[in-house]
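Structure, as structure tokens:
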Amino acid sequence: MDSTPLRGPGDAAPPLDCPSGLRQPVAASVSTPRYFVPHAASPVEPVPCDASEVVHVLDAFRLEPAYLGEPEWFVCTDVVGQLQLIPGSERARLPASVQAQLAHHEVASGRPPRRLAATELFFFSPELVEHPADADGFNDPVYLYGTLTGPWPGNAVTRVNGQLTVTRGDVLAGFAHGAQDAFHYVKDAESRDVPRAYHALLPGDRADQLAQGRGLVLTYPAVPAELQAHHAANGAQVASVLHAVLTQLQEDARTHQGPKELVALDLPAASRAMAIADLELRGYEVKGDIATPRPTKGGLVGKLAGWLQDEAVRVPREAPPPEFLELARRVLPLIPGWPTETERTLRAHVLAGTLSPGTPLTRATVPRAPTPPAAIPPRLPTPPVRSSDWMQDFISAHGKPGGTKPRLTSLQPKPAPRPAPAPPVSKASWQADFGPAPAAPARPASKQQEKAPAPPGKKPDWMSDFED
């Protein structure tokens with residue numbers, strides 16, 4: 001079977017060798033944008049739309065022209081972190097915690113929802129980013145692996161795993177332009193910065209299709225479900241992606257004598273802990289802000305290694321997501337040929353929000369009988385955690401035998417190893433005679449104490465439900 005070249009921006013992507021799962025044909029019922037390749041061995045799942053099942057909001061926007069008279073839409077996540085699109089008319093059916101998130105965002109942002117002029121939308125949740133090694137150009141392709149939901153609007157919205165191919169500039173511009181419309185969450189005790197959910201509008205097709213409002217991909221970096229206790233902020237994931245792309249651009253600029261401003265860029269770290277771990281893996285010993293090479297072994301090989309790695313390096317400081325977004329804005333004009341025709345066409349579909357959703361549709365008012373509120377269906381059981389082995393099919397197809405390995409940016413942290421259970425402490429029966437006497441059971445509070453109001457200056461207990 002002949003290999004099919006991967007269609008990407010500028011046809012710069014290497015061909016797929018079609019190992020294992022990529023040899024199977026893609027189901028004909030799957031409709032995806034041109035630059036998205038579904039994983040043929042992964043199942044295609046229908047996407048439900050149930051406002052009562054969502055747990056967090058990621059985004060809010062208005063669609064033009066309004067689909068089925070619905071001007072406003074909410075991008076939400078369910079209990080396992082999968083994306084769902086909820087119409088604004090279903091806002092009253094959202095859980096109270098989700099409605100509180102919407103209210104806080106609308107007040108804190110002070111901006112009306114942006115407008116998207118599109119006839120076809122896809123929603124993408126990437127989990128891994130591959131930066132190909134030994135690429136020829138400067139604005140090279142980047143492979144995003146994750147779950148695509150769409151096409152929307154439509155009657156058969158599906159969800160499938162696969163690979164989306166874009167350029168480095170597309171990634172930087174997508175998050176940089178979308179930062180002003182990021183979703184605001186309440187700052188909690190665990191958040192160092194104000195938590196936000198960022199998005200990027202990426203091109204899924206050629207410029208001529210984008211001009212017709214088709215092939216637009218709204219991208220939301222995936223946040224592990226176990227980290228979504230209070231919100232679904234993805235600032236850490238966005239900072240990691242931007243740091244990896246900026247690092248690749250800077251390395252290419254130094255190798256190929258690129259823009260001096262990019263070569264001299266002081267690039268911080270998305271995670272100082274990860275930067276220290278990387279230095280230690282490369283043979284450095286970190287003390288404070290300085291990393292020095294470890295003492296080498298004797299012999300000629302050890303001396304040569306010491307000569308090649310004899311300089312101390314400074315551990316980069318950690319920067320918050322807004323700083324990486326600002327760096328992306330500064331670097332974009334330095335990319336040769338930027339902005340491209342695809343970029344200009346894509347940004348033309350994002351319009352500033354207005355105080356009113358637009359001219360309402362003229363409809364005949366028909367009196368409706370009052371209907372009882374819809375019953376909330378029972379919550380579905382939590383599906384098992386999906387394996388990410390399917391991504392290796394694409395990564396293996398891009399590589400060459402004996403070639404340089406690509407750089408991978410994982411958006412899903414590895415689970416920490418479980419501690420070993422402590423052995424039970426056996427206590428002789430005679431030793432219990434010398435232990436303290438058991439505490440007397442507490443007396444039940446009287447009815448007057450149970451109904452006593454909260455003291456002045458202290459909030460009632462029910463208010464704490466809105467602080468999560």
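- When all heavy atoms of P195 and A233 are compared, the closest pair comes out as CB-CB, 3.6 Å.
- Counting only heavy atoms from C-beta outward, the side chains of P316 and P268 never approach each other to under 4.5 Å.
- Looking at heavy atoms from C-beta onward, Q84 lies out of side-chain contact with T77 at the 4.5 angstrom threshold.
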Would L201 and R347 count as a side-chain contact (heavy atoms from CB on, under 4.5 Å) if you check the C-alpha gap in whole Å, the side-chain angles of each, and the deciding distance to 0.1 Å?
CA-CA 8 Å; L201 181 62; R347 299 303 153 201; 3.7 Å; yes

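- Not a single donor-acceptor pair under 3.5 Å links the side chain of T219 to the backbone N or O of L202.
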Under the side-chain contact (heavy atoms from CB on, under 4.5 Å) rule, what do F74 and R91 come out as? Steps first, then yes or no, please. CA-CA 9 Å; F74 307 131; R91 180 166 182 162; 4.1 Å; yes

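- Atom NE2 in H104 sits 10.5 Å away from atom NE2 in H231 (nearest 0.5 Å).
- Between R114 and D59, at least one side-chain N (NZ, or NE/NH1/NH2) sits under 4.0 Å from a carboxylate O, which counts as a salt bridge.
- Nearest heavy atoms, D193 versus P321: OD2-CD, 4.4 Å.
- Between the side chain of T147 and the main chain of V160, no donor-acceptor pair closer than 3.5 Å is present.
- Considering only heavy atoms from C-beta on, V37 stays 4.5 Å or farther from T165 through its side chain.
- For the pair D170 (side chain) and T167 (backbone), a donor-acceptor distance under 3.5 Å is present.
- Residue E341 qualifies as open at atom CD: its count of foreign heavy atoms under 6.0 Å is 12 or below.
- Between R111 and D181 there is a salt bridge, with a side-chain nitrogen of the basic residue lying less than 4.0 Å from a carboxylate oxygen of the acidic one.
- Counting only distance, with no hydrogens or angles, the side chain of H39 and the backbone of N161 share no donor-acceptor pair below 3.5 Å.
- Heavy-atom minimum distance, L325 versus F175: CD2-O, 3.5 Å.
- Counting only heavy atoms from C-beta outward, the side chains of V129 and Y143 never approach each other to under 4.5 Å.
- Note that CD of Q82 and OG of S125 are 7.0 Å apart. Values are rounded to the nearest 0.5 Å.
- Classification of E318 and R192 as a salt-bridged pair holds, one side-chain N sitting under 4.0 Å from a carboxylate O.
- When side chains are defined from C-beta on, L216 counts as touching L346, because their heavy atoms get closer than 4.5 Å.
- A distance of 4.0 Å separates CG in D140 from CZ in R168, rounded to the nearest 0.5 Å.
- The backbone N or O of L94 sits less than 3.5 Å from a side-chain atom of Q99, completing a donor-acceptor pair.
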| said: Let's go through L351 and E64 carefully: what are the C-alpha distance in whole Å and the side-chain angles of both, what is the deciding distance for side-chain contact (heavy atoms from CB on, under 4.5 Å) to 0.1 Å, and is it a yes or a no? | reply: CA-CA 10 Å; L351 310 174; E64 292 189 356; 3.8 Å; yes

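- With hydrogens and angles ignored, the 3.5 Å screen pairs a side-chain donor or acceptor of Q101 with a backbone N or O of V57.
- Listed here is the closest heavy atom pair of Q248 and P132: NE2-O, 4.3 Å.
- At distances below 3.5 Å, at least one donor-acceptor pair connects side-chain atoms of E120 with backbone N or O atoms of G215.
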| request: Check the pair L144 / V142 against side-chain contact (heavy atoms from CB on, under 4.5 Å), numbers first and verdict last. | output: CA-CA 7 Å; L144 309 179; V142 177; 4.0 Å; yes

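- Counting only heavy atoms from C-beta outward, the side chains of P151 and L121 never approach each other to under 4.5 Å.
- Classification of the F36-F124 ring pair by plane angle, with boundaries at 30° and 60°, yields perpendicular.
- H56 places none of its side-chain heavy atoms less than 4.5 Å from the side chain of C76.
- Within the 3.5 Å criterion, the main-chain N or O of Q237 finds no donor-acceptor partner in the side chain of N234.
- The two residues H105 and H184 have their closest heavy-atom pair at ND1-N, 3.1 Å.
- Taken to the nearest 0.5 Å, the CG atom of L246 stands 11.5 Å off from the CD atom of E251.
- Between the side chain of D205 and the backbone N or O of P33 there is no donor-acceptor pair closer than 3.5 Å.
- Contact record, A253 with L262: CB-CD2, 3.9 Å, taken as the closest heavy-atom pair.
- Here the straight-line distance linking atom CG of D278 with atom OG of S271 works out to 11.0 Å at 0.5 Å rounding.
- Contact annotation: the side chain of W152 never approaches that of F122 to less than 4.5 Å [non-hydrogen atoms, C-beta and beyond].
- Listed for the Q250 side chain is a donor-acceptor partner under 3.5 Å among the backbone atoms of L265.
- Taking 4.0 Å as the cut-off between side-chain N and carboxylate O, R329 and E326 count as a salt-bridged pair.
- Side chains of E127 and Y145: no donor on one and acceptor on the other come within 3.5 Å.
- In this structure, CG on L334 lies 7.5 Å from CZ on F138, to the nearest 0.5 angstrom.
- Summarising the local packing, CZ of R344 is surrounded by more than 12 heavy atoms from other residues, nucleotides or ligands at distances under 6.0 Å.
- Between F183 and Y185, the distance from one ring center to the other falls under 6.0 angstrom.
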